[in-house]
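A, B, ... follow the sequence lines: proteins, then strands. Residue 1 opens every chain.
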Amino acid sequence: MKPRVRFAPSPTGELHVGGARTALFNWLFARKHQGSFILRFEDTDIERNRPELIEPILESLRWLGLDWDEGPFFQSQRLALYRAYAERLLKAGQAYRCYCTLEELEEKRRQALRAKHKPKYDGHCRSLSPAEQKRYESEGRQPAVRFKAPQTGITIVQDLIRGRVEFDNSELDDFILLRSDGRPTYNFAVVVDDLDMRITHVIRADEHLNNTPKQILLYQALGHGQALPQFAHVPMVLAKDRTKLSKRHGATAVLEFRERGILPEALLNHLARLGWSYGDQEIFSRAELIEKFSLEAVHPAAAIFDEEKLLWLNHHYIMTGDPKRLGRLVCEFALERGLLSESEAKSIPDERFSAVVALLKERKRSLVELAEGALPFLTDRLEYDPKAVERFLTADRAALLRSIADALQRVAAENFRTSILEERVRVHLESQGLTLKDAAQPCRVALTGLMAGPGLFETMEFLGKRRVIERLEWAIEKMRQMGDPLTAEG
RNA sequence: GGUCCCAUCGUCUAGUGGCCUAGGACGCUGGUCUCUCAAGCCGGAAACAGGGGUUCGAAUCCCCUUGGGACCGCCA
């Protein structure tokens with residue numbers, strides 16, 4: 001039987017890295033076993049639902065390349081199904097109507113908490129007489145439907161990651177199946193849907209392990225004990241301070257990482273290695289992930305999301321990725337961030353973008369760094385680092401740059417190639433009794449405005465003769481201006 | 001408070017009783033290369049939470065303690 005798995009987010013928040021990893025594990029499992037990956041929105045909480053979040057969640061999955069085979073389904077559109085199942089349980093005496101009000105229940109919970117007891121429903125409506133039911137109905141009370149949970153015995157969860165976990169049924173209470181307005185609660189909707197969608201493997205976050213016995217009991221009450229899926233509860237992803245990821249931890253949402261210039265393959269790789277490993281291997285292509293993933297190899301302990309390592313992976317994928325694609329991404333980034341105007345971007349050929357990626361990729365860890373770093377190479381809007389200018393574009397070095405500019409002027413534009421330029425400049429400097437060390441930094445600052453960057457001759461080749469000469473001339477002029485008053489006084 | 005889960009370098013992890021004087025990766029750090037910064041290469045510091053067992057032998061098995069986490073809603 002082909003496995004059928006599902007990812008079931010609720011649209012109450014953005015897709016964060018923890019949810020994304022759960023989705024990834026499901027997806028990998030489905031792809032590895034040629035099964036189906038089903039997407040389902042658990043949107044029965046009308047108060048907390050935010051429909052505008054659905055598209056970003058879909059977009060997050062698309063961006064990561066986690067394509068689903070069925071869905072997205074919406075629980076809010078399947079209410080009749082849950083009611084039918086509830087009706088069955090009611091008829092079979094496995095569930096009952098509860099007329100307790102929210103206020104009554106809240107008061108009982110408070111009392112239990114005050115007495116330091118576990119708050120459990122007291123079964124007040126469990127065995128109401130028809131007359132009592134009538135009386136409540138006549139008061140206009142809308143009943144909820146509760147599950148008649150067994151109060152003795154144990155329920156065993158066989159978990160692919162945790163092993164065998166036992167729960168004492170006496171820990172359970174008669175939890176709500178349908179709210180008084182007829183909407184299902186989480187535990188009920190999950191079981192009905194997993195059953196209806198013929199889910200074979202429930203791969204979800206650790207926090208649901210405690211819900212599992214309730215769900216198993218529901219499968220059994222529904223007469224589908226045999227259809228019980230395999231469970232795999234994956235560990236949580238925690239923030240640096242070992243607490244649940246939340247807004248205050250900075251970027252946690254998948255789309256924020258995209259905005260920060262993280263490549264999807266880097267995030268995917270990092271997510272996969274959180275709680276899962278394959279020997280000492282760190283780098284995994286999508287295909288390798290599918291090939292090598294297994295639930296048995298998932299480490300049971302919670303993991304902390306390490307942004308430094310993500311950046312390292314991102315750098316790796318920048319280094320090894322297709323420059324054409326990265327060039328396009330850099331262009332998009334520069335546009336989105338307003339680093340380049342539409343017309344500027346249009347005037348720059350695609351090859352320039354892939355070339356600038358090749359030029360800079362060794363020292364850039366994100367698309368943001370790449371896009372920002374590319375500006376002095378793609379445009380003539382240079383930002384001179386004041387410290388760099390102060391240190392290297394000094395008046396006494398004007399003559400040095402002058403001679404280099406003159407030497408370069410004698411190199412034909414088509415010979416502005418790294419190796420040729422290096423040869424010519426070195427020879428020129430030697431003839432003056434100088435070394436590259438004396439000239440490289442002033443040149444670099446003149447050409448890029450920065451103290452750090454690609455090799456000097458790579459930079460020259462990229463910029464081309466016209467721009468190199470222009471920038472040198474401009475710098476020389478500046479240096480002379482700065483020098484003039486001093487020499488006049490001296 | 002109850003129930004359940006978890007526990008190897010700062011972080012991600014390898015390890016399934018002897019191959020472990022505990023391996024890899026990120027980060028940190030020393031060196032090297034060098035026109036700068038990176039990248040690369042070579043090296044270093046850095047962990048089995050604690051205590052009891054079991055065993056000839058324990059990071060590995062059991063128990064307790066401690067610490068973290070989750071759940072205990074007409075939230076999911």
Side-chain angles (χ1 to χ4, degrees), chain A residues 8-10 12-13 42-45 47-48 75 98 100-102 105-106 109 112-121 142-146 157 159 161-162 165-168 170-173 175-187 189-190 205-213 233 235-236 238 240 242-244 270 273-283 299-313 315 319 360-365 388 392 422 425-426 429 435-445 448 450-457 459:
Chain A
S10 69
T12 53
E42 312 220 320
D43 58 345
T44 58
D45 183 353
E47 284 82 32
R48 296 201 310 167
Q75 291 188 326
C98 172
C100 298
T101 64
L102 261 23
L105 293 171
E106 184 51 38
R109 183 172 308 113
L113 252 19
R114 222 178 301 137
K116 303 236 178 218
H117 286 150
K118 178 172 178 149
K120 276 174 67 172
Y121 179 61
Q142 286 290 323
V145 176
R146 278 186 191 274
V157 179
D159 190 279
I161 295 169
R162 317 270 146 190
V165 185
E166 281 187 21
F167 292 87
D168 215 318
S170 62
E171 287 296 321
L172 269 36
D173 70 350
F175 55 94
I176 305 268
L177 266 22
L178 291 185
R179 302 166 167 98
S180 45
D181 65 1
R183 283 153 47 229
T185 57
Y186 166 75
N187 279 302
V190 163
D206 213 8
E207 55 191 324
H208 292 297
L209 185 56
N210 283 303
N211 283 320
T212 310
H233 287 93
M236 310 271 297
L238 269 25
K240 244 192 170 61
R242 287 214 161 272
T243 64
K244 235 175 163 174
H270 189 233
R273 281 286 286 101
L274 236 49
W276 175 80
S277 60
Y278 189 83
D280 284 341
Q281 189 171 344
E282 297 286 350
I283 306 291
H299 185 86
I304 289 173
F305 190 84
D306 181 355
E307 300 206 21
E308 279 297 330
K309 194 156 185 176
L310 172 61
L311 245 20
W312 173 76
L313 279 164
H315 178 241
M319 289 280 275
L360 298 176
K361 63 183 182 179
E362 264 171 31
R363 55 213 100 213
K364 301 298 173 187
R365 299 202 297 178
F392 292 109
E422 173 150 15
V425 171
R426 277 189 195 275
L429 287 169
T435 66
L436 236 200
K437 226 180 180 66
D438 304 311
Q441 281 302 75
C443 274
R444 173 171 287 106
V445 176
T448 66
L450 302 168
M451 281 193 277
L456 184 61
F457 305 105
T459 298

Mind checking the [atom1] distance from [N] to [M]? Whole angstroms is fine.
N: B:U60; M: B:A14; atom1: P; value: 15 Å
N: B:A25; M: B:G44; atom1: P; value: 12 Å
N: B:C9; M: B:A59; atom1: P; value: 15 Å
N: B:C61; M: B:G15; atom1: P; value: 13 Å
N: B:A46; M: B:G51; atom1: C1'; value: 25 Å
N: B:A47; M: B:G10; atom1: P; value: 7 Å
N: B:A22; M: B:U13; atom1: C1'; value: 13 Å
N: B:C6; M: B:A49; atom1: C1'; value: 13 Å

Among [options], which is the nearest nucleotide to the side chain of [X]?
X: A:L456; options: B:C35, B:G1, B:A39; value: B:C35
X: A:R109; options: B:C74, B:U11, B:U13; value: B:C74
X: A:E207; options: B:A76, B:G73, B:A70; value: B:A70
X: A:D306; options: B:G10, B:C71, B:U13; value: B:G10
X: A:E362; options: B:A38, B:A7, B:C35; value: B:A38
X: A:R363; options: B:A76, B:C37, B:C4; value: B:C37
X: A:W312; options: B:A70, B:G24, B:A25; value: B:A25
X: A:M319; options: B:A76, B:C4, B:A39; value: B:A39
X: A:S10; options: B:U36, B:A76, B:U3; value: B:A76
X: A:E308; options: B:C26, B:C12, B:U3; value: B:C26

I'd like to know if the side chain of A:R162 reaches the main chain of A:P300, judged simply by a donor and an acceptor atom lying under 3.5 Å from each other, with no hydrogens or angles considered. yes

Kindly confirm or rule out a cation-pi arrangement of A:R146 over A:F175, judged by NZ or CZ under 6.0 Å from the six-membered ring centre and within 45° of its axis? no

Note: for A:W276 and A:A452 on RNA chain B, the residue whose nearest nucleotide lies more 5' is A:W276

Of A:H299 and A:H315, the one whose nearest nucleotide on RNA chain B sits closer to the 5' end is A:H299

With a 4.0 Å limit, can you tell me whether [X] has a side-chain N or O closer than that to the phosphate oxygens OP1/OP2 of [N]?
X: A:R426; N: B:C35; answer: yes
X: A:S277; N: B:A14; answer: yes
X: A:T44; N: B:A76; answer: yes
X: A:K120; N: B:G73; answer: no

Could you tell me the separation between the CD1 atom of A:I161 and the P atom of B:C4, rounded to a whole number of Å? 20 Å

Rounded to the Å, how far apart are A:Q281 CD and B:G15 P? 14 Å

Is any N or O donor-acceptor pair between the side chain of [X] and the base of [N] shorter than 3.5 Å?
X: A:E282; N: B:G24; result: yes
X: A:R162; N: B:C5; result: no
X: A:D280; N: B:A14; result: no
X: A:S180; N: B:C74; result: yes

Over all heavy atoms of both residues, which pair between [X] and [Y] is shortest? Give the atoms and the distance, please.
X: A:T459; Y: A:P454; answer: OG1-O, 3.5 Å
X: A:Y121; Y: A:C98; answer: OH-SG, 3.3 Å
X: A:L172; Y: A:K120; answer: O-CE, 3.2 Å

Rounded to the nearest 0.5 Å, what separation is found between the NE2 atom of A:H233 and the NE2 atom of A:H208? 7.5 Å

From A:D306 CG over to A:W312 CH2, what is the distance, rounded to the nearest 0.5 angstrom? 11.0 Å

